[in-house]
Amino acid sequence: MANLQDLLIKMEEHHSLFENEIRNLSVPVCKAFINNGKIVPSSFKVTSQEMGTKDAQKVNEHFKKTAGNSKNKILEAVPGENKKTGLRIAVLFSGGPAAGGHNVIVGIKRALGAGNTLLGTVAGPKGLLAGEFFEITEDAVKGIINTGGFDFLGSDRTKIKTDEQFAKVKKVVKDNKLDGIIVIGGDDSNTNAAVLAELLYDDHVMVIGVPKTIDGDLQIGGLLPISFGYDTATKIYSEMVGNILQDTPSSRKYWHFIKLMGRSASHVALEVALQTKPAIALISEEIYEKRMSLDQIVGNIANTVSLRAAGGINHGVILIPEGLIEFIPEMKDLITELNEVIAKYHEDLDELELPEKKDFVYKQLSAVSAKLMASLPGEIETMLLLERDDHGNLPVSQIPTETLMIQMVEDKLHMMQKHADDRKHLGLDEKQEAKFQKFKFSTLNHFFGYEGRCGAPTLFDAAYCLNLGLIAGSLVIDGHTGYIAAITDLNKGGRALALPLTGLLNIERRHGADEMVIEKALVKINSPAFQFYEERRSIWARADHFSSPGPRQLWGPVALQLPYTVALNQGYSSLEFNLGDAASLK
Ligand code: FBP
């Protein structure tokens, strides 16, 4: 009989008891892809619905071939088994990992079937440029079903933008006899996909995008309700925040400042707030819209902390979106100026050591921005000078906004406890005053980010990704290029769509220049999800009304749960999703 050591050795290389079980999990499949109980590719029909941003005219002129071909009309998947064979399709991950990516590959492979070749691109766009591919076999696919991470292929953030890179892509495509490329990525990566689709149009090489990002900022109202990975990440963070919320009234002494990943938009912070109900959740978009200064934000936090202390509650949780710093109006102006300076002088700056770099940058800034930058703690000042990524983004995940907030709130509370004038607006009675004076502000800081990106996908992400993969694979078999896969009607069996990528592009300032890029979807202050939060938050601030959502479930009664923000914004009447009947992926 095998002993425990043998069993544990068998679990190496992704064969834990859990990993083996999830590979056997059946997931729901939209009916466009089911024929006689089998998963099959679909065909597509052109709908009458057209897409386009405010910059549609300029975009259509620039992307003459793909926009001309699609007329920016949405396609809908319809049953109709397409049996095309002999295609060679490469797939790549681009940008940060997100749970469910492996199931996109499973879906593509199922759609392509045995008659076509699927090639995995090693380490994202960088691997495409280097022509690094390997054939994805049926056996390999069986090993990644329903598993988290992007480790099967790897990923990176290279932006394909120079003429030299374009020439390389053309050569790689020709050398490897590729008929299509499927890009699994966020807004920047799908911008890359739109550019490649146009570049390779005359070579008859199809390019299709799949919407990925835990940030949730690749969404388009009722047409693309959410990107994949968001559900898993927010459920992981919600479990962790829920646990901390449960700890606070147990130990009764800490204020936890938790920064949550999500580069720009606050969708993640809003979702976690709705799921857990903390005392405070900052929403960057609201702060920008209401033109709140750093001082005002700190003042509001200090007021809530003080009022809870005066009521005898010396603990709480504050959620801080990762991208906050870029949305505080005065900081936004400073960062925009810095982005321009860094883009313009990057060669000079590369040669300088930090102190000289700072001197150089200060001289280029306006007086207001220079003054603000000088007033920031040294660590933050240095972080603002970090190198931007290929897409011009500041690496906000590395900026310790949560510790900046702690320092500033601490100072504010100190002044409020010391000076009656600084706290008179709270209107405390004698008893409350006594409690507030005794209160000691003990803080802990956390950053929940990378731990949310690669967990095993929730049932929603597992199913959503499989279906997105089926759409992408079916699109290339059906001969389409320049589209991004999308699914709507998540509560009614799922409607599988293909949205023209050119319909998503608008003009934005990046790297100190105007570029055509996919618009980032930010939290809308008038959205049902934000408005619900706004209505409830003062109740959650006053006393402990938190929820602890617990670990994500793949089996059982709460497995079919949508993100709250998605269900609210789509106007669904429950949290339950329905993406069709469950089918085995093996
Ligand atoms: P994508 O937009 O590529 O999906 O990446 C999102 C993200 O997880 C952000 O939330 C975070 O700021 C960033 O990636 C971190 O990037 P990196 O992996 O390069 O540190």
Side-chain angles (χ1 to χ4, degrees), residues 92-102 104 123-126 148-151 153-160 183-193 209-220 224 226-237 240 258-272 283-285 319-327 335 339 383-384 386-402 446-455 457 461 464-465 468 484 504 508 510 517-523 563:
L92 63 89
F93 289 129
S94 180
H102 287 166
V104 177
K126 197 170 63 188
F150 278 5
D151 50 297
L153 302 181
S155 180
D156 96 313
R157 293 190 183 280
T158 302
K159 179 167 180 160
I160 301 176
V183 176
I184 303 173
D187 53 326
D188 291 330
S189 313
N190 276 288
T191 297
N192 253 346
V210 177
K212 166 245 56 161
T213 175
I214 68 154
D215 297 358
D217 57 6
L218 180 48
Q219 51 171 284
I220 309 162
L224 177 52
I226 196 62
S227 50
F228 80 76
Y230 175 76
D231 184 49
T232 308
T234 52
K235 282 196 172 113
I236 292 175
Y237 301 144
M240 293 159 77
I258 306 175
K259 183 172 81 165
L260 290 169
M261 198 170 244
R263 186 199 302 285
S264 289
S266 306
H267 298 290
V268 171
L270 179 58
E271 176 66 29
V272 176
I283 302 297
S284 308
E285 291 82 343
L319 301 182
I320 301 168
E322 182 183 72
L324 174 71
I325 202 143
E326 290 190 305
F327 283 79
I335 292 169
N339 287 347
M383 294 282 182
L384 290 177
L386 284 171
E387 207 181 311
R388 275 45 177 173
D389 73 10
D390 243 17
H391 300 270
N393 299 311
L394 174 69
V396 277
S397 64
Q398 292 177 47
I399 299 181
T401 329
E402 67 282 21
H446 315 259
F447 170 36
F448 297 160
Y450 295 90
E451 49 279 79
R453 303 200 304 190
C454 284
D461 272 329
Y464 193 50
C465 287
L468 289 171
I484 182 170
L504 278 64
E508 276 176 31
R510 294 271 177 102
V517 294
I518 292 182
E519 212 168 359
K520 262 193 205 320
L522 302 178
V523 170

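Whatever order the structure lists ligands and atoms in, that order sets their numbers, starting from 1. All values below were derived from every heavy atom in this structure, side-chain atoms included, with hydrogens, water molecules and symmetry-related copies excluded. Remember, it's a predicted structure, so these values are computed and weren't measured experimentally.
- Of all the heavy atoms in H267 and Y230, the pair that sits closest is O-OH, 2.9 Å.
- No side-chain heavy atom of N190 sits less than 4.5 Å from a side-chain heavy atom of L504.
- Side-chain atoms of M240 and E451, non-hydrogen and from C-beta on, do get closer than 4.5 Å to each other.
- Proximity of S264 to E326: side-chain heavy atoms (C-beta onward) are separated by under 4.5 Å at one or more points.
- M383 meets the side chain to side chain contact (heavy atoms under 4.5 Å, CB included) test with L386, Q398, I399, P400; sequence neighbours excluded.
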May I have the N/O to N/O pairs between ligand 1 and the protein that fall below 3.5 Å, each with atom names and distance to one decimal?
residue: ligand 1; atom: 2 (O); partner: T213; partner atom: OG1; Å: 3.4
residue: ligand 1; atom: 3 (O); partner: G96; partner atom: N; Å: 2.8
residue: ligand 1; atom: 3 (O); partner: R157; partner atom: NH1; Å: 3.0
residue: ligand 1; atom: 3 (O); partner: K212; partner atom: NZ; Å: 3.1
residue: ligand 1; atom: 4 (O); partner: K212; partner atom: NZ; Å: 2.9
residue: ligand 1; atom: 4 (O); partner: T213; partner atom: OG1; Å: 2.9
residue: ligand 1; atom: 5 (O); partner: R157; partner atom: NH2; Å: 3.1
residue: ligand 1; atom: 8 (O); partner: R453; partner atom: NH1; Å: 3.0
residue: ligand 1; atom: 10 (O); partner: D215; partner atom: OD1; Å: 2.6
residue: ligand 1; atom: 10 (O); partner: D215; partner atom: OD2; Å: 3.3
residue: ligand 1; atom: 10 (O); partner: G262; partner atom: N; Å: 3.4
residue: ligand 1; atom: 12 (O); partner: E322; partner atom: OE1; Å: 2.6
residue: ligand 1; atom: 14 (O); partner: R157; partner atom: NH2; Å: 2.8
residue: ligand 1; atom: 14 (O); partner: R453; partner atom: NH1; Å: 3.2
residue: ligand 1; atom: 16 (O); partner: R157; partner atom: NH2; Å: 2.9
residue: ligand 1; atom: 18 (O); partner: R453; partner atom: NH1; Å: 3.1
residue: ligand 1; atom: 18 (O); partner: R453; partner atom: NH2; Å: 3.1
residue: ligand 1; atom: 19 (O); partner: R157; partner atom: NE; Å: 3.0
residue: ligand 1; atom: 20 (O); partner: Y450; partner atom: OH; Å: 2.6

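- Counting heavy atoms from C-beta outward, R388 and N339 have side chains that approach closer than 4.5 Å.
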